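Right, one structure below, let's go through it.
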Amino acid sequence: MQAQFPTFSDDQAEAFDRVAAELMSMGIDLDEGSLTPRFEGKSSVLAVVGKAGSGKTMLLASLTKALVGAGVEIVSGDWEGKRRKERRTLAVLAPTNKAASVLRLRGVPATTIHRILYTPVYDPQYEKIAEWLAGQTERPVVEGLTDQALDRAWAFYQTVASIPGALAAAGLRGSDFITGWKRREEPLDVGFIDESSMLDQRQFDDLREIFPTLVLFGDPAQLAPVGQSGEMVFDKLGDSRKLVLNRIHRQTEGNPILDLAHALSDDSLRFEDFERMVEDAARRDDRVLWAGRVDSDLMARSPVLVWRNQTRIRLINAFRAVHGAPEDQLLPGEPLICDGIELPLKHRKKRIDLEARGLIKGAQVIYLGPGSKPGFARLHVLGAEEPQLSAASIIKIEKPGEEEPFIPSAATMGAAFLHGAAVTIHKAQGSQWEEVQVFAPDIYAAAASGRSEAGMPMWKRLAYVAITRAEKRLHWVVRACLARPRQGLSIADLRGGPAQLTLTGGDETAQ
């Protein structure tokens, strides 16, 4: 099997073989490409850990390809056919839509943890189409759909194996064929979890209930979830259950962004020394920029990463001011961050519906304009497979020195949002952008505070996470100044028709 992946480093190859051996013990033989029914009552958890550039994503993608080649079916959370005892399945999951989209852009069919915990309930007549597309039944006759519509669905599915996408190609809306969402009751099979450093204990326990075989991929140098005392879920696994990737993969060698990130592991490194390293890197390589001010144009799609909330609020208000945004309304193109769903317990179904369509805490959203009802907003969820929707929204704009936020748009209940032109480094975990601005004065403030987390200076963890969010270019912003925009806010770069959400009842109805 290793011969098919000649670019593996030694520790990647060793990790691949170790995971393959674990899968074989669970009835999946990657060498022979053979499967046996899942063993009931047997479970396994492994963790593949390594810093940025060590090849975790390459290893995950290679293992996924090998499993599919062996006949394992991918479960996406969009639709599932009838269970067969001999079927073996794999789900590749990430904590957020943005993290899942990073994997999808690299050819890995990933979805969110939430979309696996909660599965869609299809209208019976449209489920016939899903079963036909999946090869389980003959071509159906569906009232209200022409042969041409079914042909479009078939053609779409042959190109992109997405049941919702195929049904949309036939002219159906999500509210036509999905009648609700239910908590998954039966277990699945193999689960690969990317960005597992973001998992809290409750999510980990939920995943262990669903997946007898679980492989966690994570970065031990990132920030632990809030409330977990600096500990990540894979820290509790024994050494024999953790596969460590130490070497930086050769495809990323010479990357100045990763070089800076890994320099932070030097115990003797001080903040002042690190800044000199950033400045030197900027002189040698245009992938690192020593920036005298924040780029306000970049903030519209890639938030400035900060440590302190007061910095975040000041930058957001400066961004709105330079773009001429009025205080009493949002402009199309302004970025938002979902801060959760504000619905009472009796509206649990509506909460699940919103979350399943991408409005989970931490989701990055672009405001498209007001909806057709008071309190509604049209939104584009970055990284979601069906990104555009209209939903009852509570949008909050925080002001410097004021305890209560200003609310330019609000339904009585629905999805809550904060402005997203600047976010804390904690909330940025799991996301990547082509270009990232790191607000260096906040990293200095963390260094001056003397705080530590899990034995490592806080400023180093913050700098590491912030730097590794950049895919192609890092902006190290050294002054609290904001450049004037070169262009106005726009939504021209966002594509995709609105996904229609129909949640019946009261002000929470989403269209």
Side-chain angles (χ1 to χ4, degrees), residues 1-24 30 44-67 90 92-95 99 102-103 105-108 110 190-199 204 213-224 230-267 429-432 454-456 460-461 463-465 467-471:
M1 219 44 217
Q2 294 176 25
Q4 297 182 31
F5 306 100
T7 59
F8 275 180
S9 62
D10 290 343
D11 51 4
Q12 279 181 309
E14 184 179 345
F16 186 101
D17 291 344
R18 179 71 176 82
V19 174
E22 196 79 5
L23 292 169
M24 181 178 287
L30 297 185
S44 164
V45 180
L46 285 177
V48 178
V49 299
K51 292 185 178 180
S54 59
K56 297 185 299 297
T57 301
M58 178 184 287
L59 183 62
L60 187 156
S62 298
L63 285 164
T64 299
K65 183 178 180 181
L67 281 162
L90 166 69
V92 182
L93 309 179
V102 169
L103 287 175
L105 288 172
R106 298 179 183 181
V108 180
V190 180
F192 288 172
I193 316 300
D194 197 30
E195 296 288 353
S196 62
S197 57
M198 298 174 65
L199 295 179
F204 182 51
T213 304
L214 202 57
V215 184
L216 309 177
F217 295 80
D219 186 337
Q222 290 198 16
L223 293 157
E231 188 175 55
M232 300 170 189
V233 293
F234 49 71
D235 290 334
K236 298 179 181 179
L237 300 177
D239 290 343
S240 65
R241 298 276 94 192
K242 286 191 286 190
L243 315 174
V244 181
L245 304 181
N246 291 305
R247 180 181 167 185
I248 303 304
H249 197 269
R250 71 186 186 198
Q251 289 184 352
T252 60
E253 285 180 352
N255 183 325
I257 299 171
L258 289 179
D259 289 344
L260 289 170
H262 287 273
L264 292 162
S265 62
D266 182 351
D267 292 339
Q429 288 198 142
S431 297
Q432 282 192 305
M456 184 176 182
K460 289 187 176 182
R461 283 192 179 272
Y464 177 87
V465 172
I467 286 170
T468 54
R469 299 312 92 202
E471 291 180 327

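All of these numbers come straight from a predicted model, not from anything done at the bench.
Atom OG of Ser54 and atom NE2 of His262 lie 7.0 Å apart (nearest 0.5 Å). Separating the CG atom in Asp10 from the CG atom in Asn246 is a distance of 11.5 Å, to the nearest 0.5 Å. In this structure, the separation between CZ on Phe192 and OG1 on Thr64 is 5.0 Å, given to the nearest 0.5 Å. Summarising the geometry, atom CD1 belonging to Ile257 is positioned 9.5 Å from atom CD belonging to Glu471; distances are rounded to the nearest 0.5 Å. One distance of note links CG of Leu264 with NZ of Lys51; it measures 8.0 Å at 0.5 Å rounding. Atoms CG and CG, on Leu90 and Leu63 in that order, are 9.5 Å from each other to the nearest 0.5 Å.
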*Stepwise side chain to side chain contact (heavy atoms under 4.5 Å, CB included) check, Phe8 with Leu59*: CA-CA 8 Å; Phe8 275 180; Leu59 183 62; 4.1 Å; yes
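Here the closest heavy-atom approach between residue Thr468 and residue Leu258 is recorded as CG2-CD2, 4.5 Å. Of all non-hydrogen atoms in Phe217 and Lys56, the two that sit nearest each other are CD2-O, 3.9 Å. Nearest heavy-atom pair, Met232 versus Ser197, reported as atom, atom and distance to 0.1 Å: SD-CB, 3.5 Å. Here the closest heavy-atom approach between residue Gln12 and residue Gly55 is recorded as NE2-O, 3.1 Å. For Glu195 against Ala99, the heavy-atom pair with the smallest separation is CG-CB, 4.2 Å. Residues Asp267 and Lys460 share a closest heavy-atom pair of O-NZ, 3.6 Å.
Using a 4.0 Å cut-off between charged side-chain N and carboxylate O, Arg18 and Glu22 make a salt bridge.
Taking 4.5 Å as the limit, some side-chain heavy atom of Ser44 sits within range of a side-chain heavy atom of Arg241. When side chains are defined from C-beta on, Phe204 does not count as touching Ile193, because their heavy atoms never get closer than 4.5 Å.
With sequence neighbours left out, the side-chain contact (heavy atoms from CB on, under 4.5 Å) criterion links Met24 to Asp29. Residues passing the side-chain contact (heavy atoms from CB on, under 4.5 Å) test with Val102 are Arg106, Gln432, sequence neighbours excluded.
The side-chain contact (heavy atoms from CB on, under 4.5 Å) with Val48 is formed by just one residue from the set Val215, Val244, Asp194; it is Val215.
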